[in-house]
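Below is one structure, written out as structure tokens; the observations come after it.
As a basis for the values below, the full set of heavy atoms in this structure was taken, side chains included, without hydrogen atoms, waters or symmetry mates. Lettering follows sequence order; numbering is per chain, from 1. In this text, all values refer to a predicted model and were calculated from it rather than measured experimentally.
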Amino acid sequence: MPHTPLHDWNLIPTEAIALQKRLAGRVERADRLDPVRHLAGVDIGFEQGGEITRAAVVVLAWSPNDGNEFEVVEQVVHREPTRMPYVPGLLSFREVPAALGAFEKLEVKPELVMVDGQGIAHPRRIGVASHLGLWLDLPTIGVAKSRLCGRHGEPGPERGDWTPLVDGSDTEVIGAVLRSRVKVKPIFVSPGHRVSLPTAIEWVTSCLRRTKLPEPTRLADRLASRRG
DNA sequence: GCGACAG
DNA sequence: ATCTTGTCGC
């Protein structure tokens, strides 16, 4: 299983954290997105017991008219050797390199990207969605299936109900715990880069269909896990 | 010192 | 994340 040089394991964590602290200040939290014509979903999967990292990007054409329907216009898969083990709080160093590789193969450039993982709902306010957005210089939203940090109450039972995710001083809202489906564990939505929390919630909500995850992330998930 | 801990 | 069969529910 292992093919991650020990020196990577020892040196990267401390350097990675220092880098996150520097980059966190560059993550923009206010809206700064162009009209969205194409929306992308990103997720990472693994093959061969973790030796290979598989990044998947699905681009959808957004049509506000036809009842908010989408159309898949492009799908890309990029594989490369896994370079780092999973470490809570340092997920971006394990997944972003492969994600960037997938974006390089992309022909249609999206104006907004949804990433499987946290945005600023991270100890240093720079989760994988924020880190990727900063690198691509694109608006991103983090859509995670579970919590990394922060406190929250139980959101209401209806689809669309949500409660704030707060951390540190009870006044710092870092995300939203959103009920994306009735009777299903809520998802964690947080701004990635160049998107505010209200906008992030709006986009995720309008991309919900009959499943727990919004379409962009759900489709990328299936492609990354080579299902569907 | 004792938990918690995205994927 | 990944390994995995059947099973409960709309």
Side-chain angles (χ1 to χ4, degrees), chain A residues 1-4 9 12-13 16-17 20 23-24 27 41-57 77-102 113-134 140-152 157-159 165-168 174-193 200 204 208-214 216-228:
Chain A
M1 25 178 164
H3 10 26
T4 301
W9 171 259
I12 288 183
I17 290 176
Q20 289 185 323
L23 297 180
V27 176
V42 188
D43 188 34
I44 276 63
F46 297 88
E47 300 177 3
Q48 299 175 32
E51 291 181 38
I52 300 299
T53 296
R54 175 187 171 106
V57 178
V77 170
H78 172 74
R79 303 161 75 253
E80 61 175 58
T82 298
R83 64 180 69 195
M84 222 186 101
Y86 166 69
V87 179
L90 301 182
L91 183 64
S92 62
F93 294 89
R94 173 175 165 81
E95 303 191 336
V96 168
L100 293 176
V113 182
M114 285 191 193
V115 184
D116 189 302
Q118 313 288 353
I120 63 171
H122 174 279
R124 291 168 289 284
R125 306 293 180 265
I126 179 166
V128 62
S130 300
H131 203 155
L132 180 62
L134 205 50
T140 57
I141 295 173
V143 181
K145 295 180 287 297
S146 60
R147 185 192 71 90
L148 171 59
C149 68
R151 306 178 297 283
H152 66 87
E158 302 304 316
R159 176 199 296 262
L165 178 63
V166 302
D167 197 22
I174 57 178
V177 184
L178 174 69
R179 185 129 270 149
S180 55
R181 260 199 88 174
V182 178
K183 295 178 181 177
V184 169
K185 283 204 320 179
I187 58 179
F188 295 71
V189 178
S190 59
H193 182 50
V204 172
L208 290 175
R209 289 299 178 268
R210 317 179 161 174
T211 52
K212 167 176 178 166
L213 298 176
T217 294
R218 183 182 72 81
L219 295 173
D221 240 282
R222 302 179 46 167
L223 187 55
S225 303
R226 53 197 178 298
R227 284 173 297 182

Short side-chain to backbone donor-acceptor contact, [X] and [Y], under 3.5 Å:
X: A:R125; Y: A:G119; value: no
X: A:S225; Y: A:G45; value: no
X: A:H122; Y: A:G89; value: yes
X: A:S190; Y: A:Q118; value: no
X: A:R79; Y: A:R54; value: no

Calculate the interatomic distance between [X] atom [atom1] and [N] atom [atom2]; express it in whole Å.
X: A:R151; N: B:dG3; atom1: CZ; atom2: C1'; value: 16 Å
X: A:R222; N: C:dA1; atom1: CZ; atom2: P; value: 14 Å
X: A:D116; N: C:dT2; atom1: CG; atom2: P; value: 10 Å
X: A:K212; N: B:dA6; atom1: NZ; atom2: P; value: 13 Å
X: A:E51; N: C:dT2; atom1: CD; atom2: P; value: 14 Å
X: A:R83; N: B:dG7; atom1: CZ; atom2: C1'; value: 17 Å
X: A:L91; N: B:dA6; atom1: CG; atom2: P; value: 9 Å
X: A:F188; N: B:dA6; atom1: CZ; atom2: C1'; value: 10 Å

Which nucleotides of DNA chain C pair, in dot-bracket form (Watson-Crick or G-U under 3.5 Å, | meaning another strand)
..........
NA contact type, A:I187, heavy-atom cut-off 4.0 Å: base, sugar-phosphate, or nothing?
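No contact.
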Just to be sure I understand the rule, does A:G142 reach a base, reach only the sugar-phosphate, or reach nothing, if contact means heavy atoms closer than 4.0 Å?
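Here A:G142 touches no strand at all.
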For Watson-Crick and G-U wobble pairs within 3.5 Å on both distances, what is DNA chain B written in dot-bracket notation, | included for inter-strand pairing?
.......
Of the non-hydrogen atoms in [X] and [Y], which two are nearest, and what is the gap between them?
X: A:V115; Y: A:A129; value: CB-CB, 3.8 Å
X: A:A224; Y: A:A56; value: N-CB, 3.6 Å
X: A:P216; Y: A:M114; value: CG-SD, 4.0 Å
X: A:A99; Y: A:L132; value: CB-CD1, 4.1 Å
X: A:A98; Y: A:T53; value: CB-CG2, 3.6 Å
X: A:L213; Y: A:L208; value: C-CD2, 4.1 Å

Which pairs with one or both residues in residues 140-150 of chain A pass salt bridge (Lys or Arg N to Asp or Glu O under 4.0 Å), sequence neighbours excluded?
A:D116-A:K145
Verify the contact: side-chain N or O of [X] to OP1 or OP2 of [N], cut-off strictly under 4.0 Å; return yes or no.
X: A:K145; N: B:dA6; value: no
X: A:R147; N: B:dA6; value: no
X: A:S146; N: B:dC5; value: no

So which of A:I141, A:L23, A:I120 actually passes side-chain contact (heavy atoms from CB on, under 4.5 Å) with A:S130?
A:I120
Measure from the side-chain heavy atoms of A:Y86 and tell me the nearest of B:dC5, B:dA6, C:dT2.
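Selected nucleotide (nearest to the side chain): B:dA6.
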Summarise protein proximity over nucleotides 3-10 of chain C in one line of letters, 5' to 3': B for base, S for sugar-phosphate only, - for none, counting protein heavy atoms closer than 4.0 Å.
--------
Show me the pairs that pass side-chain hydrogen bond (donor to acceptor under 3.5 Å, both in side chains) and involve residues 178-187 of chain A, at least two apart or across chains.
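side-chain hydrogen bond (donor to acceptor under 3.5 Å, both in side chains) check on residues 178-187 of chain A returns A:E154-A:R179.
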For DNA chain B, which residues of residues 118-133 of chain A approach it to below 4.0 angstrom with any heavy atom?
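Within this stretch, A:Q118, A:H122, A:G127, A:V128 sit under 4.0 Å of the strand.
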